[in-house]
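A short write-up of the structure that comes next.
Within every chain, numbering begins at 1; the chains are lettered A, B, ... in the order of the sequence lines, protein sequences first and strands thereafter.
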Number of protein chains: 2
Amino acid sequence: MSYAAFRAEIGRINDLLCVMNLADWDSRVTMPPGGTDARADQMATLTGLARGMATGDALARAIDGAKDELHDGDPRLAEVEQAERERAILTAVPAEITEEMAGLKARAHAAWAEARASSDFAAYAPVLRRMMELNRRIAEAIGHDGHPYDAMVSRFEPGMTWARLQEVYTALKDGIAPLLDKALAAEPARADILTRPFPVAQQRAFGLSMAQRMGYDMARGRLDDTAHPFEISQTRGDVRITSRFRDEWHPGGTFAMWHEVGHAMYEQNIAPEHTRTIWATDLVNLYAVGGASFGMHEAQSRMWENRVGRSERFWELHFDELKAAFPDQLADVSARDYWRAVNAPRPDFIRVEADELTYDLHIILRSGIEADLVAGDLDVADLPGVWNERFRDLLGLAVPDDTRGCLQDVHWAHGYLGSFPTYTLGNIMSSQLFAAAQDAPGVTDGLEAGDYAPLFDFMAANVWAHGRSSSPDRTLRRVTGGPLDPAPYLADLTAKVESFAA
Amino acid sequence: MSYAAFRAEIGRINDLLCVMNLADWDSRVTMPPGGTDARADQMATLTGLARGMATGDALARAIDGAKDELHDGDPRLAEVEQAERERAILTAVPAEITEEMAGLKARAHAAWAEARASSDFAAYAPVLRRMMELNRRIAEAIGHDGHPYDAMVSRFEPGMTWARLQEVYTALKDGIAPLLDKALAAEPARADILTRPFPVAQQRAFGLSMAQRMGYDMARGRLDDTAHPFEISQTRGDVRITSRFRDEWHPGGTFAMWHEVGHAMYEQNIAPEHTRTIWATDLVNLYAVGGASFGMHEAQSRMWENRVGRSERFWELHFDELKAAFPDQLADVSARDYWRAVNAPRPDFIRVEADELTYDLHIILRSGIEADLVAGDLDVADLPGVWNERFRDLLGLAVPDDTRGCLQDVHWAHGYLGSFPTYTLGNIMSSQLFAAAQDAPGVTDGLEAGDYAPLFDFMAANVWAHGRSSSPDRTLRRVTGGPLDPAPYLADLTAKVESFAA
């Protein structure tokens with residue numbers, strides 16, 4: 001009965017983590033402002049309970065018992081071993097670090113918000129320095145074979161190392177620089193056509209109609225508005241997305257929605273038999289999720305946002321529908337105008353508003369700084385200077401103040417280190433998977449005709465259904481025949497820039 | 001440190017129960033249909049965790065330690081003793097009964113829904129019989145001094161007994177019968193004026209504007225639509241209500257909203273120091289709530305719904321505002337027409353649609369049947385016949401089928417027994433508290449002028465702030481100078497009928 005006990009205990013942990021996802025969703029979508037303090041207590045209690053169960057004796061005994069019970073070669077052993085591995089990582093970090101980190105996060109968030117408002121990095125530096133010291137201790141506790149940043153990244157992208165990332169980043173920098181030059185030298189896109197008054201209700205209706213055509217199942221999902229769009233899952237039956245629509249900026253809410261739809265379709269199509277198992281449970285991050293890794297998740301969202309939604313063919317097919325929603329605003333606009341506008345390069349200071357060509361440069365910048373900080377090669381006091389210097393090297397812009405520089409993101413104040421690279425890994429995997437899909441029967445014809453079912457079906461069968469039961473690397477090799485490779489992504493960017501500049 | 005350990009453990013249980021309230025709210029308000037199965041697992045896991053903590057060794061040790069630590073006369077002992085009492089009731093019910101009940105509820109709900117649809121009581125009878133057997137065993141496990149129904153009722157209304165209820169019911173029946181005759185003999189109200197097309201958006205806006213004037217704090221609340229209106233709290237900082245607006249039935253959504261607002265103002269105004277303590281935690285029902293009892297809660301909702309919202313003065317003051325929202329629909333209607341229409345007697349088969357005069361008769365009917373069922377004095381097979389006979393006696397109507405008779409409510413299918421009386425206790429206490437408030441400075445003048453702050457302040461200071469730290473009986477005696485007494489309620493009903501018939 002020990003494998004059964006193991007399944008039951010994981011199921012209970014998963015239930016708890018799903019409810020934490022709900023509470024998180026509620027905090028960002030529906031909770032009245034007065035609920036903030038109580039919710040913080042509730043999240044702390046639930047996290048403590050989940051952590052206690054994941055590191056506790058009952059699960060340990062169930063793991064041992066299940067290993068005794070299952071014979072070598074039994075496929076169910078993979079579940080038990082995965083739980084054992086993740087449990088070891090979670091347990092490795094001493095409780096006093098976790099506790100200090102929890103308190104520090106609250107102080108760091110307040111210090112960061114104040115520093116950002118006044119562009120005063122020095123006031124924030126001490127708390128950030130402590131955060132980095134704690135992260136160094138976490139990295140040592142988790143362990144690594146080379147660079148301490150490996151331990152940070154592997155929590156979000158199992159198997160990924162700083163050495164491998166640097167190779168990938170070099171290839172990207174070398175590949176993107178000439179593309180960016182070429183795109184910037186081309187005839188400018190008609191940016192003004194995106195900032196006309198687009199009533200939000202029609203934006204939402206158009207975006208959602210396309211999202212459902214892509215395959216997002218509204219019987220197992222819902223769409224709400226938030227300042228920062230996100231997707232969150234409580235198992236495949238309830239996968240919610242949010243977006244942020246602005247009246248005079250059409251692409252913002254629409255592409256953000258399709259991005260979240262990519263995440264959501266992944267979660268909605270995890271195989272049903274993985275529900276409440278370790279394959280729907282990230283014990284390292286105490287997070288209920290079906291996707292294989294943060295990077296593999298991002299691959300799905302970037303595919304539907306960029307490879308599909310920002311493709312030229314997509315707008316040849318659907319621009320008339322958009323125009324029907326906004327006949328006056330788009331009367332003087334062609335499908336190609338619109339496509340060029342939503343693909344125009346816009347080098348700027350803020351990552352979350354970056355275009356497709358400059359986005360990875362922001363990530364490369366941050367990853368390098370994170371790696372240096374966690375290794376102790378960069379002192380926190382020197383961060384603004386180093387940031388600005390590297391920003392100029394990568395993007396050719398002089399950062400005017402720290403608010404638009406190293407203070408722009410909240411991640412470090414929250415103690416997160418090592419998740420930024422997964423955005424770029426997602427971009428790369430997105431193109432690899434998309435290229436593989438186009439070789440499958442019906443996918444290319446479907447995209448040509450505006451029938452997204454073949455692409456959806458290919459992803460569902462080959463990527464989504466497997467979820468966490470197949471590692472990112474294994475998934476990539478199975479679907480594309482090889483390991484992580486930036487070439488297809490650079491090829492996609494190149495083709496787009498060539499068409500943009502034509 | 002044991003009192004501190006006690007507080008910490010109760011705080012964690014409260015956190016968990018608050019999140020269950022959130023998950024319950026979400027299930028009824030925002031969850032997509034696909035989430036149902038996973039949510040059932042999640043609720044089972046959370047309930048199990050909360051029950052485990054409430055009956056577990058850690059709390060037992062903390063209770064014992066706190067009793068050793070606190071000297072006699074320390075007011076904090078009341079907290080510890082309350083937890084000990086409630087824990088004993090929760091623990092008394094053997095786990096196998098709770099488990100069988102959980103499974104039975106699922107089957108009973110399905111059987112009830114089917115039986116109700118086809119008005120086929122016989123198909124539902126066996127599962128209901130088992131439910132009653134389990135409830136009898138629960139009553140014996142909890143213990144009682146007289147009638148087993150005492151054990152059922154006391155879970156919701158501590159200290160209440162079947163003997164006391166029968167005295168109260170007799171007074172009510174004797175008092176209401178002549179009032180109902182008189183109201184039915186009066187000139188009929190203009191019922192048609194309530195069923196005109198009232199657009200829901202304006203209904204909601206008018207209702208909510210009045211709700212905020214009553215004192216509902218939207219910074220610590222929110223309003224949503226559901227089939228069955230309810231209020232739910234996650235501590236005083238986040239107290240949500242729902243209502244159900246129908247296009248051609250104005251009073252439905254509006255009075256239901258004010259009813260829930262009465263509940264919500266109670267929860268929003270529990271003293272802040274009770275947050276996360278036993279005074280915001282019902283261990284017997286594993287429910288996060290600040291109100292003293294189900295009856296005391298209902299007293300607040302019925303006061304704002306009926307004593308305030310259905311008073312003649314209220315509509316003299318506010319009918320013009322309603323008319324401004326619905327100028328065409330109410331062009332030919334006077335304040336008095338409207339007041340008479342929303343107070344008209346409508347004896348009918350369905351409790352949830354009953355008017356103020358017949359409502360308690362429904363409760364009296366159900367309570368008697370519940371008491372007889374749990375005592376074994378009434379066999380489940382005889383329920384429809386007994387229901388119909390008593391219904392004729394009480395309301396003078398011949399029940400045409402069991403769907404409109406004993407199958408109308410879901411309570412018994414869910415295993416609930418003993419909560420119906422709290423509706424009538426709430427009505428009675430509502431008038432007692434309201435009468436006491438009117439003797440306080442400013443309250444009567446406020447009601448006369450449409451200034452609800454004095455009544456709000458009186459209730460907040462004398463009833464709401466105390467919450468569960470003062471028993472219903474103690475609260476009544478402190479505020480009104482005496483115990484439960486139906487006289488003020490009958491006086492209110494009498495005054496209303498006299499004005500209605502004038």
Side-chain angles (χ1 to χ4, degrees), chain A residues 8-27 29-50 52-53 216-224 233-241 264 267-268 272 275-276 280 288, chain B residues 8-27 29-50 52-53 216-224 233-241 264 267-268 272 275-276 280 288:
Chain A
E9 193 67 5
I10 294 290
R12 280 154 41 91
I13 296 171
N14 182 269
D15 287 333
L16 208 49
L17 298 178
C18 283
V19 175
M20 287 167 61
N21 280 357
L22 168 67
D24 183 25
W25 173 85
D26 181 76
S27 305
V29 176
T30 51
M31 187 176 75
T36 307
D37 290 346
R39 182 58 49 81
D41 286 329
Q42 292 154 11
M43 289 305 267
T45 290
L46 264 61
T47 305
L49 284 170
M53 289 168 78
Y216 181 51
D217 179 359
M218 285 295 284
R220 298 186 288 139
R222 56 177 285 137
L223 168 70
D224 293 275
S233 155
Q234 294 152 82
T235 80
R236 66 197 305 281
D238 182 355
V239 183
R240 306 180 188 187
I241 59 171
E267 291 295 318
Q268 286 187 332
T275 300
R276 296 181 83 241
Chain B
E9 192 68 5
I10 294 290
R12 281 153 40 89
I13 296 171
N14 183 269
D15 287 334
L16 207 50
L17 299 179
C18 282
V19 176
M20 286 166 62
N21 280 357
L22 168 67
D24 184 24
W25 173 86
D26 180 78
S27 305
V29 176
T30 52
M31 188 177 75
T36 307
D37 290 347
R39 182 57 50 80
D41 286 330
Q42 293 154 11
M43 290 304 268
T45 290
L46 264 62
T47 306
L49 284 169
M53 289 167 79
Y216 181 51
D217 180 0
M218 285 297 283
R220 298 186 288 138
R222 56 177 287 139
L223 167 69
D224 294 274
S233 156
Q234 293 151 82
T235 81
R236 66 197 305 282
D238 182 356
V239 184
R240 308 180 186 186
I241 58 170
E267 291 295 318
Q268 286 188 333
T275 301
R276 296 183 81 240

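For a residue to count as touching a neighbouring chain, one of its non-hydrogen atoms must lie under 4.5 Å from one of that chain's; by this rule A:Asp41 touches chain B with backbone and side chain alike. A:Arg240 touches chain B through its side chain: at least one heavy atom from C-beta onward sits under 4.5 Å away, while N, CA, C and O do not. At a 4.5 Å heavy-atom cutoff, the contact between B:Met218 and chain A is made by backbone atoms alone.
Rounded to the nearest 0.5 angstrom, A:Gln42 CD and B:Arg276 CZ are separated by 8.5 Å.
Note: B:Pro32 leads B:Gly11, B:Pro32, B:Gly34 in heavy-atom pairs under 4.5 Å with chain A. Ranked by heavy-atom pairs under 4.5 Å with chain A, the first of B:Asp238, B:Asp15, B:Asn14 is B:Asp15.
Side-chain contact between A:Val19 and B:Leu46 is present, with at least one heavy-atom pair separated by less than 4.5 Å. Between A:Gln234 and B:Met31, every side-chain heavy-atom pair lies at or beyond the 4.5 Å cut-off. With contacts defined as side-chain heavy-atom distances shorter than 4.5 Å, the pair A:Arg39/B:Leu22 qualifies. Side-chain atoms of B:Val29 and A:Thr30, non-hydrogen and from C-beta on, never get closer than 4.5 Å to each other.
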